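Working notes for the structure below.
Only this structure's heavy atoms are used, side chains among them; waters, hydrogens and symmetry mates stay out. All figures in this text were calculated on a predicted structure; none of them were measured in a lab. Letters go in sequence order (proteins before strands), and every chain restarts at 1.
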Amino acid sequence: MTAEPNAAAEAPVPAPADFIRDIVASHVAEQRYPGGIVTRFPPEPNGYLHIGHAKSICLNFGIARENQGRCNLRFDDTNPAKEDLEYVHSIAADVRWLVAGWAEQNLGLKPSGARPAATPDAADAADFYARPAPGGAAAEPFFASDYFEALYAFAERLILAGKAYVCDLSAAEIEAHRGTLDQPGRESPFRNRPAAESLDLFHRMRAGEFPDGARTLRAKIDMAAPNIWLRDPLLYRIRHLAHHQSGDAWCVYPLYDYAHCLSDYLEGVTHSICTLEFEVHRPLYEWILEALALPRALPRQYEFAKLNLAYTIVSKRRLLQLVQENVVTGWDDPRMPTLAGIRRRGVPAAALRTFVTGLGVTKFDSLTEIAVYENAVRDALNGLAARRLAVLRPVKVVLTNLAEDEVLECRATNNPQDENPATRPVALTREVFIESDDFAEVPPPKYFRLKPGGEVRLKYAGIIKLDEIVKDAAGALVELRCTFDRTTRQGEPNSDRKVKGTIHWVSASRCVEAEVRLYDRLFTVAEPAAEPDFLKVVNPRSLETITARLEASLADATADDRYQFERLGYFAIDAKDSAPGRLVFNRTISLKDTWAK
RNA sequence: UGCUCGAUGGUGUAAUGGUAGCACAAGCGACUCUGACUCGCUUUGUCUAGGUUCGAGUCCUAGUCGGGCAGCCA
């Protein structure tokens with residue numbers, strides 16, 4: 001992970017307001033949660049975090065931050081079949097990156113190895129979590145798997161209270177009994193078996209006596225409920241599978257609805273914020289907590305609409321497909337909307353934060369234009385990026401009135417946005433490269449750049465005039481022969497002489513080569529997820545790799561810095577592939593180009 | 001056609017019964033040693049129909065349109 005280039009430079013923004021924050025504020029006002037406000041970010045470690053998660057992270061950490069509370073990072077790891085340690089590590093790193101310099105003091109962690117007591121009553125007695133000092137030793141994220149023992153004890157209690165039972169129906173039979181959206185379900189024949197029998201069976205499930213799928217633990221609610229999630233939902237299933245955290249300790253694993261609400265409760269979470277698709281699960285979330293008659297204030301669930309971004313896929317499943325089918329080079333490919341990809345591409349975390357925060361939080365299923373994201377990225381980078389000269393597609397220019405060995409030193413401004421901008425030297429020599437786009441033999445109307453007989457300013461150097469176009473026998477352009485007006489150099493009397501165009505350039509003899517990766521959107525349509533096959537709308541030109549010529553100072557470029565190649569865009573070192581002597585730059589984003597329209 | 005949630009310019013949102021505002025986008029102009037940035041101006045909106053009220057985007061009723069829900073996924 002690269003250091004955050006602008007962690008300290010966050011502009012003060014008014015605290016956001018939305019319907020969830022309004023609710024939190026009213027709870028604070030009525031002192032509903034004396035222990036303070038606790039939220040949580042609960043990813044399942046089955047893929048990399050993406051830009052949609054950034055919205056959730058900023059919401060949950062933002063609320064914690066605004067209320068001097070805490071946001072627990074908790075892995076919702078109840079399904080060992082789909083999860084992997086690689087994802088645990090990437091997610092932890094991505095969260096820390098996004099939150100660094102902003103809400104890291106609100107990141108809820110626990111002392112290494114801390115677990116709630118194994119019995120529900122003891123777990124009720126006190127919160128087991130702690131809040132170590134930032135960066136303190138021995139702090140680690142929470143895991144739902146830490147609660148397997150406590151969750152199991154809670155389940156025993158439900159069985160004893162007649163609120164849960166072991167069901168011997170097969171998966172197909174359970175489905176058949178469930179009914180349909182407009183037809184009530186039928187009760188399981190095992191629904192009313194004695195609690196003692198269910199408890200014995202539940203113990204034997206844990207002991208490994210039954211194969212996968214043979215039995216389940218179900219809540220006893222209402223098979224005729226109009227809400228399907230209340231039709232005796234499954235709480236536990238048998239899975240003879242090793243878990244990335246708990247190893248071989250368990251062969252029964254709790255399901256989401258059961259594990260999530262209780263994990264929230266155990267951690268002292270007050271506001272459990274999730275996306276809209278869990279709206280219909282909320283009655284179940286509440287049913288489980290209330291069925292256990294727990295002593296502390298219960299967490300409540302609130303739902304908001306997830307982020308949808310135009311030309312982007314925000315689905316771990318589909319992102320995994322892109323990786324597996326080698327459409328991209330990995331989860332951290334700079335074209336990916338993953339936090340890892342976005343970071344590698346050079347986007348500052350602060351840009352991502354302003355973007356998602358500016359979106360607001362509602363229950364309306366929206367599609368955000370990509371321009372909003374791009375604006376946030378450019379805006380963050382504009383104040384941050386050191387200006388440099390670089391030529392992507394070189395055309396040779398010979399300044400015929402400069403001697404072969406002549407070197408004219410020019411002062412270039414590092415960032416005109418700074419109050420007292422620093423400068424650096426760049427060398428002008430007889431042979432330079434300019435951008436091929438900046439020359440037109442047959443110029444279109446209102447073309448400000450170099451054209452036959454025309455003048456243009458080489459930025460920081462002075463004005464040149466095109467005298468002659470040299471081509472080879474095949475008619476291909478060889479070089480442009482120009483004269484350099486020495487009286488327009490910095491400090492010379494005509495330095496302020498106006499010409500319409502100013503272009504970038506590099507000295508042909510004093511430049512460095514670098515691999516530059518230019519990115520375009522990964523999909524050709526605004527809503528790739530709505531396509532029957534989203535792989536068919538992958539943009540075949542999403543990556544273009546070229547060899548560019550950079551001003552010599554860029555040989556010392558660092559991965560922590562951000563650069564603007566003047567008139568071209570914002571670029572960053574590719575932290576993974578770049579090495580001393582073999583520079584690799586990613587174009588984070590181009591500059592706005594109103595001329596191209 | 002069961003339950004549930006939603007609907008404000010092109011897009012995303014604000015207005016908590018009292019002047020429909022902001023951002024992005026778009027258009028025009030100014031500035032410019034980045035056709036960037038910045039600045040100025042402009043276009044465009046309360047799903048429909050009733051009702052309550054001095055006054056409705058907001059409250060009520062009915063409708064229309066859209067999202068979500070029937071994994072031993074989360």
Practice prompt. Could you check whether Pro184(A) gets within reach of a base, just the sugar-phosphate, or nothing at all, counting any heavy atom under 4.0 Å?
Written response: nothing
Worksheet item: NA contact type, Gln490(A), heavy-atom cut-off 4.0 Å: base, sugar-phosphate, or nothing?
Response: base
Practice prompt. Using the six-membered ring for Trp and the full ring for Phe, Tyr or His, decide whether Phe448(A) stacks on the six-membered base ring of rG35(B) (centres under 5.5 Å, planes under 30°).
Written response: yes
Discussion item. Would rG50(B) be called syn or anti here, given the cut-off of 90° from 0?
Written reply: anti
For the [atom1] atoms, the ones on [N] and on [M], what distance do you get once it is rounded to whole angstrom?
| N | M | atom1 | answer |
| --- | --- | --- | --- |
| rA25(B) | rU11(B) | C1' | 7 Å |
| rC22(B) | rU43(B) | P | 13 Å |
| rU8(B) | rG57(B) | P | 15 Å |
| rC69(B) | rC47(B) | C1' | 25 Å |
| rG18(B) | rG50(B) | C1' | 23 Å |
| rU48(B) | rC39(B) | P | 36 Å |
| rU52(B) | rG9(B) | C1' | 29 Å |
| rU46(B) | rG10(B) | P | 9 Å |

Worksheet entry | Identified ring-ring contact (aromatic ring centres under 6.0 Å, His included) counterpart of Tyr152(A) within the set Tyr147(A), Phe202(A), Tyr253(A) | Phe202(A)
Worksheet entry | Row check, Tyr165(A) ring normal vs Arg218(A) NZ/CZ: under 6.0 Å, within 45° | no
Pick out the pairs of N or O atoms, protein on one side and nucleotides 71-73 of chain B on the other, that lie under 3.5 Å.
{"residue": "rG71(B)", "atom": "OP2", "partner": "Arg178(A)", "partner atom": "NH2", "Å": "3.2"}
{"residue": "rC72(B)", "atom": "OP1", "partner": "Arg178(A)", "partner atom": "NH2", "Å": "3.3"}
{"residue": "rC72(B)", "atom": "OP2", "partner": "Arg178(A)", "partner atom": "NH1", "Å": "3.2"}
{"residue": "rC72(B)", "atom": "O2'", "partner": "Arg239(A)", "partner atom": "NH2", "Å": "3.0"}
{"residue": "rC72(B)", "atom": "N4", "partner": "Leu169(A)", "partner atom": "O", "Å": "3.2"}
{"residue": "rC72(B)", "atom": "N4", "partner": "Ala171(A)", "partner atom": "N", "Å": "3.1"}
{"residue": "rC72(B)", "atom": "N4", "partner": "Gly213(A)", "partner atom": "O", "Å": "3.1"}
{"residue": "rC73(B)", "atom": "OP1", "partner": "Arg239(A)", "partner atom": "NH2", "Å": "3.2"}
{"residue": "rC73(B)", "atom": "OP2", "partner": "Arg237(A)", "partner atom": "NE", "Å": "3.0"}
{"residue": "rC73(B)", "atom": "OP2", "partner": "Arg237(A)", "partner atom": "NH2", "Å": "2.6"}
{"residue": "rC73(B)", "atom": "O3'", "partner": "Arg237(A)", "partner atom": "NH2", "Å": "3.2"}
{"residue": "rC73(B)", "atom": "O2'", "partner": "Asn79(A)", "partner atom": "ND2", "Å": "3.0"}

Which protein N or O atoms sit under 3.5 Å from an N or O of nucleotides 19-23 of chain B?
none

Worksheet item: Any Lys/Arg nitrogen of Asp264(A) or Arg300(A) sitting under 4.0 Å from an Asp/Glu carboxylate oxygen of the other?
Response: no
Distances under 3.5 Å between nitrogen or oxygen atoms of protein and nucleotides 15-17 of chain B:
{"residue": "rU16(B)", "atom": "O4", "partner": "Asp22(A)", "partner atom": "OD2", "Å": "2.7"}

